[in-house]
2 protein chains.
Amino acid sequence: MGIRILIADDHKILREAITSLLNNEIGISVVAEAGDGRTAVQLARELQPDIVVMDIIMPNLNGIEATRQIVRELPHTKVLMLSEQSDRRCVCEALRAGAAGFVPKRCGFDELVTAIRNLAANHTYLSSEITGAVVDEYIHRRPDQDNSAYSVLTGREREVLQLIAEGMSTKKIAKELHLSVKTIEWHRSQLMKKVHLKSVAELVKYAISEGLTCVSV
Amino acid sequence: MGIRILIADDHKILREAITSLLNNEIGISVVAEAGDGRTAVQLARELQPDIVVMDIIMPNLNGIEATRQIVRELPHTKVLMLSEQSDRRCVCEALRAGAAGFVPKRCGFDELVTAIRNLAANHTYLSSEITGAVVDEYIHRRPDQDNSAYSVLTGREREVLQLIAEGMSTKKIAKELHLSVKTIEWHRSQLMKKVHLKSVAELVKYAISEGLTCVSV
DNA sequence: GGTAAAACCAGGAATGCCCTGGGTAACCCG
DNA sequence: CGGGTTACCCAGGGCATTCCTGGTTTTACC
């Protein structure tokens with residue numbers, strides 16, 4: 001059998017390349033690929049892989065939220081973050097969301113394999129490049145919560161915010177999430193109240209500054 | 001011998017993976033890797049590869065500038081852009097800098113190989129996903145003048161766009177500019193048509209990328 | 001097992017958006 | 001000077017969306 005892996009990254013060429021290399025490794029097989037977070041969650045549900053290798057920046061649903069949903073539903077599936085962002089905030093949010101490991105993309109392939117084998121052995125794995133950031137977070141822990149999106153908004157609210165900031169209408173979001181339009185409206189008004197913003201334009205800027213979406217259209 | 005390739009990307013894991021896959025291709029061999037633009041220029045000078053596969057976003061020296069330097073010094077070396085950004089501006093800047101091909105990272109590995117073989121045969125290669133943007137650029141506008149907000153939009157339209165992107169409602173904009181709400185609505189629909197965007201969220205991102213407004217709320 | 005928070009949904013009034021169509025002023029150019 | 005082009009301005013009406021108030025179910029947590 002070996003370690004069954006799902007890869008989620010919006011760069012197809014990276015997915016394919018890593019898949020190909022991982023399939024050469026003994027005892028590791030990639031069972032599926034996903035190009036966005038929502039697809040990743042669905043595929044994880046269907047295939048129940050041992051490990052999900054997950055990018056953070058993805059359309060439709062970002063890697064943090066996807067991780068949150070996966071670890072809640074599938075306790076036996078571990079998530080390994082493979083991200084280009086490796087700042088303190090990203091790392092800590094990923095761990096808080098339930099990721100069992102974190103490797104920045106600037107690391108080599110060997111380290112990815114090491115991380116995968118560690119996670120498969122029920123260990124957590126943090127790349128040496130980022131452990132500093134985590135320690136820093138635990139030492140300088142702010143007693144009062146900052147007002148970042150991850151502390152004031154709920155999961156659903158962040159999810160809706162991302163889709164709004166990606167240009168979707170309320171109707172489309174409802175269809176995408178299989179919910180009523182009224183529900184989306186409620187979440188939208190809730191999150192607008194929470195962050196004290198009154199227009200879509202301000203929401204978009206907020207989402208960009210929080211890393212929920214990127215500037216390029 | 002075959003096609004000799006230099007790969008420049010700041011993500012080591014992507015470099016390694018692509019290198020490994022390319023070395024499996026018949027007649028293609030990766031002779032070196034670079035993690036930033038300046039290293040890429042130096043290695044290209046030393047090794048004189050046939051093709052440089054180049055990312056745009058890199059530390060020290062970005063891919064556009066590196067391309068400019070390489071094509072000026074080494075007329076027999078071709079540059080293939082492999083970038084996550086694939087908006088009009090990036091593509092056109094890359095081509096203007098002398099790149100002979102452009103493939104977005106969201107494309108598959110096969111397309112990368114196709115592009116490499118095309119460049120080696122002295123052809124240019126543009127991914128089908130971006131040819132539309134380029135053709136649009138060259139047909140609609142003069143090649144020497146960019147289609148930034150300042151050239152395709154009228155003064156009023158830019159004015160309205162900025163206010164929209166700053167979070168104002170149509171009503172407030174009308175009051176601000178001492179115009180009818182209907183007039184603002186018309187300008188808005190006009191400018192949306194011109195830049196081919198359909199939502200406020202996309203407009204905001206466009207305005208940010210054009211420097212009409214900033215990210216901070 | 002009770003409480004709280006999150007997530008879900010509905011109805012109706014108000015608002016805003018989209019589309020069609022029309023009008024004026026300025027400008028360039030043959 | 002007449003004709004074309006462009007920017008700018010505005011109205012009406014149909015349609016979609018938002019806002020507000022309400023309520024139910026689910027989940028998490030003592």
Side-chain angles (χ1 to χ4, degrees), chain A residues 38 41 45 61 64-66 68-75 96-98 145 147 149-204 206, chain B residues 140-142 145 147-204 206:
Chain A
R38 200 169 314 284
V41 174
R45 223 186 324 247
L61 184 70
I64 305 274
E65 292 307 315
R68 209 185 305 275
Q69 297 185 16
I70 287 175
V71 297
R72 190 178 51 204
E73 286 187 47
L74 306 165
R96 219 166 277 157
Q145 295 277 18
N147 63 340
Y150 289 101
S151 58
V152 297
L153 299 183
T154 68
R156 261 292 192 241
E157 286 162 353
R158 284 192 298 272
E159 209 171 342
V160 171
L161 173 57
Q162 178 177 355
L163 295 178
I164 291 174
E166 285 177 0
M168 275 196 191
S169 68
T170 304
K171 207 178 196 174
K172 267 189 190 163
I173 296 173
K175 214 166 288 178
E176 178 73 26
L177 300 180
H178 306 293
L179 295 175
S180 157
V181 171
K182 292 295 182 178
T183 305
I184 306 302
E185 288 178 8
W186 193 84
H187 285 309
R188 165 205 282 257
S189 70
Q190 272 309 101
L191 72 90
M192 274 182 153
K193 200 177 295 175
K194 282 186 180 179
V195 296
H196 306 105
L197 297 177
K198 308 171 303 304
S199 66
V200 177
E202 291 170 317
L203 281 187
V204 173
Y206 177 74
Chain B
H140 281 170
R141 355 258 176 227
R142 298 274 178 280
Q145 98 188 42
N147 67 336
S148 70
Y150 288 101
S151 57
V152 297
L153 299 183
T154 70
R156 264 291 194 240
E157 285 163 354
R158 284 194 298 273
E159 210 172 344
V160 172
L161 172 57
Q162 177 174 354
L163 295 178
I164 291 174
E166 284 175 359
M168 275 195 192
S169 68
T170 305
K171 206 178 196 174
K172 267 187 190 166
I173 296 174
K175 213 167 288 178
E176 179 76 24
L177 299 180
H178 306 293
L179 294 175
S180 158
V181 171
K182 293 295 181 178
T183 305
I184 307 302
E185 286 180 7
W186 191 84
H187 285 309
R188 165 207 282 259
S189 71
Q190 272 308 100
L191 72 91
M192 275 182 154
K193 202 176 295 173
K194 282 187 181 178
V195 296
H196 307 105
L197 298 177
K198 306 171 305 305
S199 67
V200 177
E202 291 169 317
L203 279 187
V204 173
Y206 177 74

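Model, not experiment: these values are computed from the prediction.
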Quiz prompt | Under 4.0 Å protein heavy-atom contacts per nucleotide of nucleotides 25-30 of chain D, with B for base, S for backbone only and - for none | solution = ------

Quiz item: What string of B, S and - do you get for nucleotides 13-24 of chain D, 5' to 3', when a contact is any protein heavy atom under 4.0 Å?
Solution: B---SBB--B--

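Axis angle across the helix from dG1(C)-dC30(D) to dC27(C)-dG4(D), with five pairs used at each end and values rounded to 10°: 40°.
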Exercise. Run the numbers on Leu177(A) and Leu163(A) for side chain to side chain contact (heavy atoms under 4.5 Å, CB included), then give the verdict.
Key: CA-CA 10 Å; Leu177(A) 300 180; Leu163(A) 295 178; 4.2 Å; yes

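When all heavy atoms of Ala97(A) and Ile64(A) are compared, the pair lying nearest together is CB-O, 3.7 Å.
Separating the NE2 atom in His187(B) from the CD1 atom in Ile173(B) is a distance of 10.5 Å, to the nearest 0.5 Å. One finds the CE atom of Met168(A) at 11.0 Å from the CD1 atom of Ile164(A) (value rounded to the nearest 0.5 Å). In this structure, the separation between OG1 on Thr183(A) and CZ on Arg156(A) is 9.0 Å, given to the nearest 0.5 Å. Taken from CD in Glu185(B) to CG in Leu179(B), the straight-line distance is 12.5 Å, to the nearest 0.5 Å. Here the CD atom belonging to Glu159(B) is positioned 8.5 Å from the CD1 atom belonging to Ile184(B), to the nearest 0.5 angstrom. Note that CG of Leu74(A) and CD of Gln69(A) are 10.5 Å apart. Values are rounded to the nearest 0.5 Å.
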Got a list of side-chain donor-acceptor pairs under 3.5 Å for residues 190-201 of chain A, not counting sequence neighbours?
unit_1    : atom_1 : unit_2    : atom_2 : d
Lys194(A) : NZ     : Val152(A) : O      : 3.3
Lys194(A) : NZ     : Glu157(A) : OE1    : 2.9
Lys194(A) : NZ     : Glu157(A) : OE2    : 3.3
Ser199(A) : OG     : Glu202(A) : N      : 3.2
Ser199(A) : OG     : Glu202(A) : OE1    : 3.2
Ser199(A) : OG     : Gly167(B) : O      : 3.4

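Bracketed by its first and final contacts, the part of DNA chain C lying under 4.0 Å from non-hydrogen atoms of chain B reaches from dG16(C) to dG21(C) in 5' to 3' order.
Of the two residues contacting DNA chain C, namely Lys194(A) and Leu179(A), the nearest-nucleotide position lying further toward the 5' end is that of Lys194(A).
The salt bridge (Lys or Arg N to Asp or Glu O under 4.0 Å) analysis of residues 165-179 of chain B, with sequence neighbours excluded, yields no pairs.
Between His187(B) and dC9(D) there is a side-chain N or O to OP1 or OP2 distance below 4.0 Å.
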